[in-house]
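One structure is given below, encoded as structure tokens.
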Amino acid sequence: MRPRGEDSRRVYTAQIDTAMHIVAAEPAFSRQFGRSPADTCGRNLYELLHPSSPSLLNRHFNRLSEGRSNRFAERMVGMGCSGRAFSGELTGIAVQNTTGHLAGIVVQVRPDEGTTGSEPEAVVGSREALLSKLDARVLEGVASGASTVQLAARLYLSRQGVEYHVGLMLRKLKAPNRAALVARAHSVGMLTVGQWPPRVLPEFIK
């Protein structure tokens, strides 16, 4: 029996140099991002992550490089070769050499339960994920916790109009409710990471 509170999610490990290039990775790490080990090593870590990741993670990695911290954990969205995405947690751990200087950084990726980069559940294709400008504003409101009444007032819609647009996106992203809608939007990289309130990225708007 697993002890209470223990996280059972799998952890995938790689090592990067101070320029953010992957110098070693376990095969499972590469598969999580839909790549082969040969295709992973030598790449910049950010090539495997959502485009908004650098703005969120640079500060953490700079602190490791400058010796101001030894470890961090942050939310992330990983991208597979065919544009498939998964959410999870990324941990960075500073590795020092015998002189006490930074030799490299160990990166651990812990995907959220039920998400995977190599064999993901089919959610939407790239064209299917496109939203109208109004749909995008509604999704941003839902993601920030706004109620139907608040969204109706903010977007000059009736409550039925808000529910209509929410319903369209529930079907588009194959989500059973609003919470799942936001989770799916994050998992396909539709919403910004590390920004509040969240915004729909321009490439997902028609």
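Note that the numbering runs from 1 along the sequence shown for the chain.
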Test salt bridge (Lys or Arg N to Asp or Glu O under 4.0 Å) on E26 and R31 and set out the steps.
-> CA-CA 9 Å; E26 62 177 4; R31 289 195 298 271; over 6 Å; no
State plainly whether one hydrophobic cluster holds both L181 and L134, where clusters connect Ile, Leu, Val, Met, Phe, Trp and Tyr through side-chain heavy atoms under 4.5 angstrom apart.
-> yes
4.5 Å side-chain heavy-atom contact, Y12 and P111 = yes
R184 and K174, any side-chain heavy atoms less than 4.5 Å apart | yes
For A146 and R154, which heavy atoms make the closest approach, and how far apart are they?
-> CB-NH2, 3.8 Å
List the steps and the verdict of side-chain contact (heavy atoms from CB on, under 4.5 Å) for L49 and V77.
-> CA-CA 6 Å; L49 304 179; V77 174; over 6 Å; no
R75 side-chain N/O to G88 backbone N/O, donor-acceptor pair under 3.5 Å = yes
Measuring from Q96:CD to N70:CG, what's the distance to the nearest 0.5 Å?
-> 6.0 Å
Without swapping roles, check the side chain of D135 against the backbone of L131 for a donor-acceptor pair under 3.5 Å.
-> no
Between atom CE of M169 and atom CE of M190, what is the distance when rounded to the nearest 0.5 Å?
-> 9.0 Å
Value for NE2 (H165) from OG (S132), rounded to nearest 0.5 Å, stands at 6.5 Å
Can any side-chain N or O of T192 pair as donor or acceptor with the backbone N or O of R199 at less than 3.5 Å?
-> yes
R35/E47 salt bridge by N-O under 4.0 Å criterion = no
Would you kindly confirm whether Y46 and I93 end up in one hydrophobic cluster when ILVMFWY residues are joined by side chain heavy atoms under 4.5 Å apart?
-> no
Pairwise distance CZ(F61) to CD(E74) - rounded to 0.5 angstrom | 10.5 Å
Check T91 against A73 and note the closest heavy-atom contact, atom names and distance.
-> OG1-CB, 3.9 Å
Output yes when a side-chain donor or acceptor of R43 lies under 3.5 Å from a complementary backbone atom of D39, and no otherwise.
-> yes
Let me see the working for I16 and H21 under side-chain contact (heavy atoms from CB on, under 4.5 Å), right down to the final yes or no.
-> CA-CA 5 Å; I16 62 174; H21 292 108; over 6 Å; no
Heavy-atom nearest pair, S144 first then G141, reads OG-O, 2.9 Å
Backbone N/O of V11 and side chain of Q108: donor-acceptor pair under 3.5 Å | no
OG1 of T148 to CD of Q160, rounded to nearest 0.5 Å, is 10.0 Å
With side chains defined as the heavy atoms from C-beta onward, is the minimum distance between T40 and F33 less than 4.5 Å?
-> no
Passes side-chain contact (heavy atoms from CB on, under 4.5 Å), L157 versus Y164? Steps please.
-> CA-CA 10 Å; L157 294 171; Y164 170 76; over 6 Å; no
Within-4.5 Å side-chain heavy-atom neighbours: N177 and L170 | no
Say whether V106 and L90 are linked into one hydrophobic cluster, either directly or through other cluster members, by side-chain heavy-atom distances under 4.5 angstrom.
-> no
Side chains of S30 and S36: closer than 4.5 Å at any heavy-atom pair?
-> no
Quick check: are there more than 12 heavy atoms from other residues, nucleotides or ligands sitting under 6.0 Å from CG of N44?
-> yes
Got I22 and Q15 here, is their nearest side-chain heavy-atom distance under 4.5 Å?
-> no
Q150 (side chain) donor-acceptor with S147 (main chain) under 3.5 angstrom = yes
Which heavy atom in P27 sits nearest to a heavy atom in P37, and how many Å separate them?
-> CA-CG, 4.1 Å
What's the verdict on side-chain contact (heavy atoms from CB on, under 4.5 Å) for L139 and F204, showing C-alpha distance, side-chain angles and the deciding distance?
-> CA-CA 12 Å; L139 177 58; F204 288 96; over 6 Å; no
Side chain E140, main chain V200, donor-acceptor under 3.5 Å = yes
Can you name the nearest heavy-atom pair linking S65 to L102, along with the distance?
-> CA-CD2, 3.5 Å
For residues L151 and V142, determine if any side-chain heavy atom of one lies less than 4.5 Å from a side-chain heavy atom of the other.
-> yes
Is the H60 ring parallel, tilted or perpendicular to the F72 ring (thresholds 30°, 60°)?
-> parallel
Between L57 and R59, is any pair of side-chain heavy atoms under 4.5 Å apart?
-> no
